[in-house]
Amino acid sequence: MSMDLTASLIDRPWFFCGIGGSGMLPLALILKGKGARIAGSDRSRDQGRTPEKFAWLESLGFDLHPQDGSGITSAEQILVASAAVEDTVPEMVRAAQLGCRKMRRAELLSTLFNAAPVSIAVGGTSGKSTVTGMLGWILTACGRDPTIMNGAVMKNFAGPDAPFASARVGGGDAPFVSEVDESDGSIAAYRPTIAVLNNVSLDHKSMEELRGLFGDFLARAGTAVVNLDDPESAALASRALGGPLTFGIESSRADIRIIEGSVAESPLGIGATIELGRTGERHALSLKVPGRHNLSNALAALAAAHAAGVPLPDAVQALGDYAGLARRFDVVGTSPGGVTVIDDFGHNPEKVAATLATLKAHPGRVIAFFQPHGYGPLRQMGAELAEVLATRLGAEDQTILCDPVYFGGTVDRSVGSERIVSLIRAHGGIAEHIPARADCAARIVELARSGDRIVIMGARDDTLSAFARDLLARLA
């Protein structure tokens, strides 16, 4: 059930269970920016993981508690939790005892989103956070003062006073830009002014379910922005009311497209000439983030900005200053011995394929470390993931997997990383399963030689960035 965020509700105390999570943190920041009083807890804080994040939240005035129920003290509190939080978690138990109102994270986000005068939803299996960051930066640079809800830290907005800037709070009548999630079906709750569909591929749900969710998503939008390069997205374009606004690198029929032969890649950037098909106007785009997938993401952001009324030349110029996201092909550094470490969010077949394609576009051996983000996803997409890791890397490259990240609970852990390694080998790839992450680091240091690129991949675990930094330090 949705709710109007009236002044009286903003005045109610809120409690976020799992406040440090990638989906919860920006939402808490946005709600606090509207004047709400917010407390929270997080299992990672109790375990001593990423203490700097929680120290920053406390410096902003968030009241943090152990995840033992002690922070739930009044029936007036509204408890916010993600769909993954079990009813047995102490906060959930205590809230039930006191009769506190409970909201799922997606319910609160969709309520905030749907209340905005202009709402832009970025959907798709891959690239959501990047497109959201790009679009949010375009709107900011062009004076639109947007509210931005992202699942990743946006480097353009990060700094010493905001090291975990995964959100931006705009004015009361500002556009609201948010990535929206299909994995739990909550995408159905959003009524966007503009809907962006980047791609559709296997991740948390079956393709049949994804087609239904994303098709309905386009049908609810005032304007639908669709990627014609992605066959699944293109097939859903007919669901768009009034016809879609399209983009694509390969498609000559797209409304916003690339001039053939204009793409120029470097290890740390990519550029091309953009054409607006309806007018024939052309503009030179130069990005500070690499890979053709990021060029496609840029086209998505440009198309959405165009739909929102931003002149194309202004949007293209703004994107030239887009700094990227933390953990999206984030170059940690290069050791004195010439080994480069890259921190990346790749965790499903499409994201991993895009990262490996960016790496293999340039010379040098690749050592790919992968930490699965759970046992369930590994069962759902393990075969496709193994095929990508085997076929997108060369004979000199190597993949190393540790055991899936596990934060507790009752999940079935019968299918693990050893299955993926056996499938990679069956496809002709080179892979090792080393259960403990620390032992993986020792093995990587042993293998590394000058000119190698080591990419650290995985999701739902903030400590992967620290792992990447520590690995670089060991290589030095």
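Note that the structure is a prediction, hence the values are computed from the model and not measured.
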(request) For Asn198 and Asp230, test the side chains for any donor-to-acceptor distance below 3.5 angstrom and give the result as yes or no. (result) no
(request) Indicate the ring-plane relationship of Phe217 and Phe214, choosing parallel, tilted or perpendicular according to the 30° and 60° boundaries. (result) perpendicular
(message) Side chains of Leu359 and Arg392, heavy atoms from C-beta outward: is any pair under 4.5 Å?
(response) no
(request) Find the distance between OG1 (Thr399) and CD1 (Ile430) and round it off to the nearest 0.5 Å. (result) 9.0 Å
(request) Please determine if Asp216 and Arg239 form a salt bridge, counting it only when a charged side-chain N lies under 4.0 Å from a carboxylate O. (result) yes
(request) To the nearest 0.5 Å, tell me how far Ile270 CD1 sits from Ser286 OG. (result) 10.0 Å
(message) Which residue in the set Thr246, Asn227, Asp229 passes side chain to side chain contact (heavy atoms under 4.5 Å, CB included) when paired with Ser251?
(response) Asp229
(request) Measure the OG-CG distance between Ser44 and Asp462 for me, rounded to the nearest 0.5 Å. (result) 6.5 Å
(message) Before you tell me yes or no, could you show the steps for Leu31 and Leu27 under side-chain contact (heavy atoms from CB on, under 4.5 Å), namely the whole-Å CA-CA distance, both residues' side-chain angles and the distance that decides it to 0.1 Å?
(response) CA-CA 6 Å; Leu31 197 57; Leu27 188 52; 5.8 Å; no
(message) For the OG atom of Ser178 and the NZ atom of Lys128, what is their distance to the nearest 0.5 Å?
(response) 10.5 Å
(message) Check this for me, if you would: do Asp145 and Arg168 make a salt bridge, where the nitrogen-to-carboxylate-oxygen distance has to be below 4.0 angstrom?
(response) yes
(message) Against the six-membered ring of Phe345, is Arg328 placed for a cation-pi contact (under 6.0 Å from the centre, within 45° of the normal)?
(response) yes
(message) Less than 4.5 Å apart, side chain to side chain, heavy atoms only: is that true for Phe176 and Ile30?
(response) yes
(message) Within the 3.5 Å criterion, strictly below it, is a donor on Gln371 or His373 matched to an acceptor on the partner's side chain?
(response) no
(request) List in chain and number order the residues that pass side-chain contact (heavy atoms from CB on, under 4.5 Å) with Pro267, two or more places apart in sequence or in another chain; answer none if no residue qualifies. (result) His362
(request) Inspect the contact between Lys360 and Glu396 and indicate whether a charged nitrogen and a carboxylate oxygen are less than 4.0 angstrom apart. (result) yes
(message) Less than 4.0 angstrom from a charged side-chain N to a carboxylate O is my criterion; do Arg469 and Asp343 meet it?
(response) no
(request) Could you tell me the separation between the CZ atom of Arg365 and the CG atom of Asp397, rounded to the nearest 0.5 Å? (result) 8.0 Å
(request) Could you check if a side-chain atom of Ile258 sits within less than 4.5 angstrom of a side-chain atom of Ile274, using non-hydrogen atoms only? (result) yes
(request) Enter the distance from Leu312:CG to Arg282:CZ here, rounded to the nearest 0.5 Å. (result) 13.0 Å
(message) Over 60° means perpendicular and under 30° means parallel, so tell me whether Phe467 and Phe369 are parallel, tilted or perpendicular.
(response) tilted
(message) Is any side-chain heavy atom of Asn199 closer than 4.5 Å to one of Glu350?
(response) yes
(message) Looking only at side-chain N and O atoms, does His433 offer a donor or acceptor that is under 3.5 Å from a partner on Asp403?
(response) yes
